[in-house]
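I have placed the structure first, in the form of structure tokens, so that the comments after it can refer back to it.
Here is the naming used below: chain letters follow the sequence lines, and residue numbers restart at 1 for every chain.
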Amino acid sequence: MDDKVVKEMNLVPAVYECEYDKIEKKPTRDGFGTGTAEEGRENKDVVVLCGDLADSTRASWFAKEHPDRFIEVGVAEQNMVGMAVGLALVGKIPYVSTYAVFVPGRAWDQIRISVSYGNFPVKIMGAHSGISVGPDGATHQALEDVAITRCLPNMTVIVPCDAEETRKAVRAAAKLKGPVYIRFHREKVPVITTKDTPFEIGKAQVYREGKDVAVIAAGVMVFEALQAAAKLAKEGIDVRVINLGTVKPIDEETVIKAARECGAVVTAEEHQVMGGIGSAVMEVLGKNAPVPVEMVGVQDRFGESGQPDELMEKFGLTSKDVLKAIKRVLERKSA
Amino acid sequence: MGEESGSAASVVSIPDDEQFDVTKEYSDKELALIANTVRKDIVRMLAEAKSGHSGGSLGLADIFTVLYFRVMKHKPSDPFWPERDIFILSNGHVVPVRYAVMARAGYLPVKELLTLRKLGTRLQGHPHRGDLPGLETSAGSLGQGLSIAVGAAYGLKMDGKPNTVFCSMGDGELQEGSIWEAAMAAGHYKLDNLIGFVDRNMLQIDGNTEDVMKLEPLADKWKSFNWEVIEANGHSIKEITEAFEKAKAVKGKPAVILFHTKMGKGVSFMEDKAEWHGKPPSIDEMKKALEELQETEEKIKAGEVM
């Protein structure tokens, strides 16, 4: 039992009971499939564009239910993003879906000028992001997508922690007037949130209370952070775990409060540490609450082929790595 | 810098700020006169801004005038009118001609044209959606507009709406691969509510398009992507009008008009010279250009040229 896990967050019971092995796993991309299918029922303006990857991204789940509003664009990502702008121009709410290495990767110029500078409500769905894509190797492992979207004015960037939060984010994105980037993954990851877990774009959620150190994480690293925190509780180390969720606009208040109250911060992301979630946190802290920070993430290198769990281990993206980072930062804090 | 622009501001002015009612039916001669006025505006705007793209802007004056005053359904008093035709400018660098035509159509005060490229202006060097109602998109990096036009045409068709989508492209721009992604999609979706047109002036920054990167056989390229291809003289009000009429009548596929034009049209020392792609006239050059355009105006009035 971990009584520091915040009750009001309504996470799955296994998190409160520290039974991490028992948590059901689902790919976060499922949340894109169900999120758009649901949103499409209530909002007839929602359309989904797809670049020859309908099953893989789960765009096919929307297509099955709303075939008239599903647009297959073929292997032409730049055109897909441009078409989404045109659809938005005539009143649609377009979701563009393909692998994150292609959009935002390949079509970044279209995203910069036509989408962001034009400030159109184009929703960019980056599938198969992170190193956990596995055997396909570095070409298909998007580790820069947050960095290249976060730097664009008008853009909202969301990194959901599981399939359920992805579903909520996908639906919430439809209500935003501007462009949104949402990143999700291929692999099955533990579903730690429930339909009752609070989600709001721009709001970080404290999943576990703690006062010694704060781990600010996004994506699957939230789960890894919770596990590390549970382990350290046994050693008497009190770790706060924050699901950042929205990377931009960042919830400055929650981030600053965590740094001031805990005096040390660890960031954790399945992304390059340059320009990603850790950088976003550092930008806030450097200005407002400079405390020792350790960054868990990919350290300026490309990925490679391998099984997802092997890669997460090799690239230092497990709960063990979060735990080590916590110890390092605590040493710096006490120094 | 500040002093320079201060002194220029006292030299450049737009003495005639007449605006024209887009709901009126104009004769070819009247449209030729409006296009000539637009050319004067462009020359003044660019001289005042001290930077910008003279060649393409002047070359498109006739086509844009026909679009705004004869072909397109639109309301300057209600730029977001849902029944409007959508006009996507893909070759964003020629936006001075769009600003000038929009000003003459009543979207903005004519005097505002002299704010082009200045700090705080709505008339950015390349178009920015949101500043000036009636500018549908942001553009400036070539090759993006046709995809936007395809998306808009697709969306309108989904809803069974009758609006037409127009897309302006430069010829050098057609070297961008993304144009052909969009062309392939438009042909595939059979978007007969989409009309693209190309400013085929044969020139780009580094020289003749056929030397820099061959585009010919250009009509065949579009045909092979399942487009109807129409060719016309881009400086004949009559031919421009007929080309748009033909394009509108095409069913079951998109249409593209290859407008044969002269870069820098209307100003003899700029015509067909690649160096005028991205250069503004000096104050002296502006005066010379305005004299020529004044002579042209007299000739149009006298029925000597059209």
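- Going from atom OH of B:Tyr154 over to atom CD1 of A:Ile71 covers 4.5 Å, rounded to the nearest 0.5 Å.
- Using modelled atom types, no side-chain atom of B:Gln144 and backbone atom of A:Gln78 make a donor-acceptor pair closer than 3.5 Å.
- The interface of residues 174-197 of chain B with chain A, defined by heavy-atom distances below 4.5 Å, comprises B:Ser178, B:Glu181, B:Ala182, B:Ala185, B:Tyr189.
- Residues B:Ile148 and A:Met83 are not in side-chain contact: their nearest non-hydrogen atoms beyond the backbone lie 4.5 Å or more apart.
- Dense packing is recorded around NZ of A:Lys44, with more than 12 heavy atoms of other residues, nucleotides or ligands lying under 6.0 Å away.
- Here OG of B:Ser141 is found 7.0 Å from CD of A:Gln110. Values are rounded to the nearest 0.5 Å.
- With a threshold of 4.5 angstrom between heavy atoms, B:Pro82 does not approach chain A through any atom at all.
- Here the side chain of B:Arg129 pairs a donor or acceptor atom with the backbone of A:Asn119 at under 3.5 angstrom.
- The side-chain heavy atoms of A:Tyr117 and B:His126, taken from C-beta on, include no pair separated by under 4.5 Å.
- Heavy atoms closer than 4.5 Å to chain B are found nowhere in A:Val115, neither backbone nor side chain.
- Only the side chain of B:Asp159 has a heavy atom closer than 4.5 Å to any heavy atom of chain A.
- Interface summary for chain B: among A:Val85, A:Ile113, A:Leu49, the most heavy-atom pairs under 4.5 angstrom belong to A:Ile113.
- Heavy-atom contacts from other residues, nucleotides or ligands closer than 6.0 Å to CD of A:Glu253 number 12 or fewer.
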- Task: Applying side chain to side chain contact (heavy atoms under 4.5 Å, CB included), run through B:Met158 and A:Val90 and close with a yes or a no.
- Result: CA-CA 11 Å; B:Met158 280 174 92; A:Val90 296; over 6 Å; no

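- Residue with the most contacts toward chain B among A:Val81, A:Asp68, A:Val73, A:Leu89: A:Leu89 (heavy-atom pairs, distance under 4.5 Å).
- Proximity to chain A (any heavy atom under 4.5 Å) is restricted, for B:Ile88, to the side chain, taken from C-beta onward.
- Residue A:Arg106 places its CZ atom among 12 or fewer non-hydrogen atoms of other residues, nucleotides or ligands, all under 6.0 Å distant.
- A donor-acceptor pair under 3.5 Å is absent between the side-chain atoms of B:His128 and the main chain of A:Gly118, judged by distance alone.
- Looking at A:Arg112, there are no atoms closer than 4.5 Å to chain B (heavy atoms on both sides), in backbone or side chain.
- Between B:Ser147 and A:Asn79, the shortest heavy-atom distance links the atoms OG-OD1, 2.7 Å.
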